Amino acid sequence: MDDRPRTTTSKPTRVDRGHCFCGAVTAEFSGDPFWICFDHDDDCRRAIGSPLTIWIGYRPDQRKWLGPKPKTFSKTRGVVRSFCSECGTSIGYTDEGLPNESYISIGFMDAPEEFNPQAQAY
């Protein structure tokens, strides 16, 4: 029988970072996102100003703002979008119907190539 103490190795927690165009709003995201999705719907298209975006889904407790929080705006009942009040970069959105979900625009992320979409939404 082996009397040596057993050690376990754990995988390091994934940490991703993002910032707006001017750098005023920065954030850190700990752990794996739960969802990554292409999105083509009209609300997001108009809010982002692009025919397509990719949303990265995190739980609210996975996100930490590292400076000023983004400004928020709501046009669609229950949906709150966030953006930088200085440069206008779209940052993300929350939906009160999905209380434990927070979505971040791939354009806000420092290494967008690290996120592979899993689905499409219209």
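Everything numeric in this text was worked out from a predicted model, so none of it was measured.
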**Message:** Please find the pair of heavy atoms, one from G18 and one from D110, that lie closest to each other, and give the distance.
**Reply:** CA-OD1, 3.4 Å
**Complete:** Between P99 and P60, the two heavy atoms sitting closest are O-CG, 4.2 Å
**Item:** Shared hydrophobic cluster, F108 / L52 (ILVMFWY, side-chain heavy atoms < 4.5 Å)
**Value:** yes
**Request:** Would you give the length of the straight line joining atom CD1 of I104 to atom CD of Q62, rounded to the nearest 0.5 angstrom?
**Result:** 10.5 Å
**Request:** If the plane angle is over 60° it's perpendicular, under 30° parallel, otherwise tilted; pick one for Y93 and Y103.
**Result:** parallel
**Prompt:** Heavy atoms, side chains only, cut-off 4.5 Å: are C20 and C87 in contact?
**Reply:** yes
**Asked** Does some side-chain heavy atom of F83 sit less than 4.5 Å from a side-chain heavy atom of P70?
**Response** no
**Item:** Short side-chain to backbone donor-acceptor contact, S74 and V79, under 3.5 Å
**Value:** yes
**Reported CD1-to-OG distance for the pair I48 and S105, which is rounded to 0.5 angstrom** = 4.5 Å
**Prompt:** Do you reckon V25 sits in the same ILVMFWY cluster as L66, going by side-chain contacts under 4.5 Å, direct or chained?
**Reply:** no
**Request:** Step by step, work out the side-chain contact (heavy atoms from CB on, under 4.5 Å) result for R81 and T72.
**Result:** CA-CA 5 Å; R81 297 184 182 277; T72 59; over 6 Å; no
**Candidate pair E101 and T94, rule side-chain contact (heavy atoms from CB on, under 4.5 Å), full reasoning** = CA-CA 7 Å; E101 299 180 12; T94 57; over 6 Å; no
**Fill in**
Rounded to the nearest 0.5 angstrom, the OG1-CZ distance for T53 and R45 is 13.0 Å
**Message:** Does R17 qualify as a cation-pi partner of F29, given the criterion of NZ or CZ under 6.0 Å from the six-membered ring centre and within 45 degrees of its axis?
**Reply:** no
**Item:** Donor-acceptor side-chain pairing of T76 and D43 below 3.5 angstrom
**Value:** yes
**Request:** Starting at CZ of R63, measure out to CD1 of I91 and round the result to the nearest 0.5 Å.
**Result:** 10.0 Å
**Asked** For F21, does the CZ atom sit with more than 12 other heavy atoms under 6.0 Å from it, leaving out its own atoms?
**Response** no
**Request:** Indicate if F38 and I36 have the same hydrophobic cluster label, given that clusters are the connected sets of ILVMFWY residues with side-chain heavy-atom separations under 4.5 angstrom.
**Result:** yes
**Request:** Kindly give the heavy-atom pair with the smallest separation between A24 and C84, and that separation in Å.
**Result:** CB-SG, 4.1 Å
**Item:** From CH2 (W65) to OG (S82), nearest 0.5 Å
**Value:** 5.0 Å
**Atom pair CZ (F115) and CD1 (I54), whose distance is rounded to the nearest 0.5 Å** = 10.5 Å
**Prompt:** Is any side-chain heavy atom of Y58 closer than 4.5 Å to a side-chain heavy atom of D16?
**Reply:** yes
**Asked** Counting N and O atoms only, with roles assigned by atom type, does the side chain of D39 sit under 3.5 Å from a partner on the main chain of D41, one being a donor and the other an acceptor?
**Response** yes
**R14 and D32 ion-paired at < 4.0 Å** = yes
